Amino acid sequence: MTTEASYGAALTPGADAIERLLADLNPPQRKAVEHGGGPLLVIAGAGSGKTRVLTRRVAYLVATGLAKPSEILAITFTNKAADEMRSRVEELVGGVSRLMWVMTFHSACARILRANAERLGYKRSFTIYDESDSLRMIKRCMADADVDPKRFTPRSVRAQISAAKNQLIDATDFRERQGSFYEEKVADVYELYERRMVAASAMDFDDLLVRTVNLMELFEDVRERYRRQFRWILVDEYQDTNHAQYRLLQLLAGEERNITVVGDDAQSIYSFRSADVRNILEFERDFAGAEVIKLEQNYRSTGTILDAANALIAHNPEQKPKRLWTDAGRGEPLTIAELDDEHAEARYVAGEIERLISDEGYAREEVAVFYRMNAQSRVLEDTLVRYEVPYQVIGGTKFYDRAEIKDAIAYLSLLVNPADAMSFARVVNSPRRGIGQQTQARILSHANTTGEDVWDVMSRPEQVPGLGTAAVKAVSRFAETMAGLRERAEDGSVARILEAVLHETGYIEALEAERTLEAEGRIENLQELVGVAEEFDANRAVEGDQDQTPLEEFLARISLYTDQDTLREDESLITLMTLHNAKGLEFEVVFMIGCEEGLFPHSRSVEEGNLDEERRLCYVGITRARKRLYMTCARRRMIHGAGGWSVPSRFLGEIPSELVDHHDATTRTGWRSARDEVLGGMRSGGGIQPPPRKQPRAPEVAFQVGDDVVHATFGEGVVTGVEPDNVIVVRFRGGQGERKLMADYAPLKKVS
DNA sequence: TAATATTACCTTTTT
DNA sequence: GGTAATATTA
């Protein structure tokens with residue numbers, strides 16, 4: 001712990017510098033930055049300058065001497081957010097930012113575990129399995145535990161295990177809690193999976209968190225060491241933390257509890273990954289004496305866009321009350337466009353983008369298109385190519401997900417971690433070496449029964465029961481090749497090792513022999529990977545880690561890297577991404593496509609009762625837009641082959657009609673009745689009366705002028721007008737003026 | 001064992 | 001529309 005002296009000495013230097021850090025902040029932002037020690041919760045609405053507050057606060061802590069740079073742990077959820085925070089902090093405090101830990105939960109955990117893995121029975125050079133690796137491992141475990149993959153899909157089993165881990169329920173606890181036959185079986189797989197993962201010295205993404213918690217709980221010395229190191233903790237997007245992450249923060253916060261968390265419950269969109277909004281809602285209880293600061297002034301969007309967002313989110317019953325406001329002016333109305341099908345939708349979007357760029361002077365990099373599912377990008381991409389609109393897609397099929405890249409990385413993993421059974425299985429017969437499933441299964445089960453590393457087993461194949469002479473010979477050859485490569489893997493250039501692997505294992509040769517366009521593409525991808533390795537080598541020459549070999553460091557880095565991080569801002573491209581990926585970003589112009597029931601909100605979310613979360617996702621999308629927002633829906637859409645009729649998303653109807661320009665480009669009638677029903681008061685007259693249908697929320701009571709009402713978000717008010725289509729006008733207390741609400745949908749109650 | 005053909009099943013969102 | 005597991009055959 002630091003002495004009193006360093007606190008005192010701190011306040012003298014650079015009073016100017018400190019004032020400059022605070023100068024352009026609004027009062028609540030300033031208050032958050034200047035908060036001293038102890039827990040702090042910042043409820044930061046969309047676009048309210050939360051990153052600015054976080055980075056300034058880090059700089060402030062350093063500038064005032066309250067914190068040494070090395071005592072700061074700043075946590076984000078994505079690498080991209082971490083990179084941005086790091087560079088913004090660096091601008092403020094300079095090179096000392098190097099000493100801080102500014103990274104994702106997962107990278108921080110991986111780094112802690114690298115230094116301590118042996119205490120938990122893992123090798124220091126443990127391998128990190130991504131989702132597909134872990135799914136393969138699950139499948140293998142299911143086969144070995146005699147669990148029928150037809151009755152229990154591997155994905156659902158993994159999902160259950162993952163959910164359990166994120167709640168820190170280990171295999172033993174899991175078994176104790178479960179009753180049904182199904183859950184018993186999952187418990188069998190869970191136990192086996194945990195054993196196999198340790199045997200392979202491998203961790204999945206959940207393990208990174210769970211094992212770090214285990215480490216801190218089991219070893220007081222480790223816990224104390226990191227508590228002393230991270231005296232100041234800051235967490236971004238706190239609403240997305242799960243229980244394991246919450247526990248980790250609790251363990252790290254220590255007695256001083258210098259923990260700052262920033263988040264927005266209205267932007268919690270990761271409950272499917274076990275994120276628990278309660279973490280943010282109950283922060284004040286968990287960290288008693290916490291100061292709470294709300295940031296409600298929005299610096300990003302027009303008043304119209306904010307009104308739309310506020311009106312939409314008001315349909316969610318439970319949230320921390322907050323009202324986003326701006327003094328930026330009204331701006332232009334939103335556009336809701338209805339098209340015939342996804343092709344017409346794509347043409348509309350492409351045409352509008354062209355128009356916005358050529359007539360209204362927007363730059364391509366200021367435009368983004370968001371969708372619910374990655375699969376939706378395809379049609380749009382085809383159209384953009386035809387319209388010659390340059391674009392980039394964030395997420396989706398990833399470079400590191402390609403088979404050849406995974407193969408190459410699996411080879412390297414096996415060199416570094418000789419216990420890595422999944423990498424072995426991936427690589428041993430690729431390219432074909434005459435080592436088929438039978439042989440592989442025998443080697444793996446021999447490794448499992450003897451407890452040896454796969455590497456050692458394959459090095460002495462004659463000891464494996466049941467192997468024929470041909471198999472023994474093939475395996476020996478492979479083992480020799482690998483042994484030769486391993487000697488050289490100890491040090492030196494990663495790029496060189498990778499090239500040696502690709503050539504000496506015959507991998508490239510096999511691709512060349514294919515003489516297909518596809519194989520050529522694969523070779524190009526591998527060359528790109530070599531390029532990545534070269535870049536890594538060059539950077540490492542400047543700042544290397546002594547504890548790890550270059551190859552180990554490379555693999556550790558790459559396993560937590562996704563191409564999320566490849567978002568480019570400087571090039572003139574429009575950006576395509578899922579709504580989930582859009583969180584934390586902002587664009588002048590935003591298109592949200594596929595706003596149809598079943599797609600958005602997704603039918604599965606509706607079935608599982610996660611409608612509120614879908615609505616928050618919509619809220620996130622809307623609040624990304626600075627100036628212009630388009631929402632589109634198609635009346636017909638192909639979903640995996642078969643086409644179907646669609647109904648506009650209920651979210652469109654939740655946006656007050658006076659904020660919207662409605663653009664109808666559909667060509668036939670018949671569908672309109674369904675649409676009019678959802679869009680409600682948006683247009684009047686005409687059309688056939690829609691068949692009666694269940695309302696999302698039953699109409700409560702008829703409201704009359706003069707009724708006192710209370711609204712989930714806006715608070716108390718009085719009804720000042722009643723309009724057709726169940727629209728009522730309410731004047732809320734607290735100088736917010738009047739709002740039009742749809743009585744059937746708004747979370748509004750009469751008070752007597 | 002490997003290569004090909006056929007079928008089933010899919011799809012939410014991601015560190 | 002696409003992948004991945006399975007059946008079939010050389």
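Chain letters run A, B, ... following the sequence lines, proteins first, then strands; residues in each count from 1. Because the structure is predicted, anything quoted here is derived from the model rather than measured.
Between A:Phe283 and A:Tyr238, the ring centre distance stays below 6.0 Å.
Atom P of nucleotide C:dA5 and atom CZ of A:Arg140 are separated by 12 Å, given to the nearest angstrom. The distance from atom CZ of A:Arg155 to atom C1' of C:dT3 is 11 Å, rounded to the nearest whole Å. For A:Lys583 and B:dT15, the NZ to C1' distance is 11 Å, given to the nearest whole Å. The nearest whole Å value for the distance from the CG atom in A:Asn581 to the C1' atom in B:dT15 is 11 Å. A:His580 has its NE2 atom 7 Å from the P atom of B:dT14, to the nearest Å. Look at CD1 on A:Ile128: it is 14 Å from P on B:dT15, rounded to the nearest Å. Counting to the nearest Å, the P atom of B:dT11 and the CZ atom of A:Arg637 are 19 Å from each other. Whole-Å rounding puts the A:His602 NE2 to B:dT13 P distance at 8 Å.
The 5' end of DNA chain B is approached more closely, in terms of each residue's nearest nucleotide, by A:Arg604 than by the other of A:Arg604 and A:Asp206. Nearest-nucleotide positions on DNA chain B for A:Asn610 and A:Ala471 put A:Ala471 closer to the 5' end.
Across all strands shown, A:Gln438 has heavy atoms under 4.0 Å from sugar-phosphate atoms exclusively, and none from any base. Contacts of A:Phe77 with the nucleic acid, taken as non-hydrogen atoms under 4.0 Å apart, involve only primed sugar atoms and P, OP1 or OP2. Note on A:Asn429: only backbone sugar-phosphate atoms sit closer than 4.0 angstrom, heavy atoms only; bases stay farther off. Nucleic acid contact class of A:Glu608 (heavy atoms, under 4.0 Å, all strands): base.
Comparing atom distances between the A:Arg378 side chain and each of B:dT11, C:dG2, B:dT15 picks out C:dG2 as nearest. In the set B:dT15, B:dT11, C:dA5, the nucleotide with an atom closest to the side chain of A:Thr104 is B:dT15.
Listed pair A:Asn374 / B:dT11 fails the phosphate criterion, with no side-chain N or O lying under 4.0 Å from OP1 or OP2. Considering only side-chain N and O atoms, A:Thr439 lies under 4.0 angstrom from the phosphate OP1 or OP2 of B:dT1. Neither OP1 nor OP2 of B:dT15 sits under 4.0 Å from any side-chain N or O of A:Asn242. Contact check, A:Thr78 against B:dT14: no side-chain N or O comes under 4.0 Å of OP1 or OP2. For A:Arg432 and B:dA3, the shortest distance from a side-chain N or O to OP1 or OP2 is below 4.0 Å.
Partner A:Arg637 forms a salt bridge (charged side-chain N to carboxylate O under 4.0 Å, His left out) with one of A:Glu342, A:Glu596, A:Glu597 and no other, that one being A:Glu596. Of the listed residues (A:Arg158, A:Arg136, A:Lys165), just one forms a salt bridge (charged side-chain N to carboxylate O under 4.0 Å, His left out) with A:Asp204, and that residue is A:Lys165.
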**Q.** Verdict with reasoning, A:Gln239 to A:Glu237, per side chain to side chain donor-acceptor pair (under 3.5 Å)
**A.** CA-CA 5 Å; A:Gln239 75 280 356; A:Glu237 308 281 14; 2.8 Å; yes

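Judged by the 6.0 Å distance and 45° axis criteria, A:Arg273 is positioned over the aromatic ring of A:Tyr270. Seen from the ring of A:Trp645, A:Arg635 does not count as a face-on cation partner, given the 6.0 Å and 45° thresholds.
For B:dT15, the base is not stacked against the aromatic ring of A:Phe105, per a cut-off of 5.5 Å between centres and 30° between planes.
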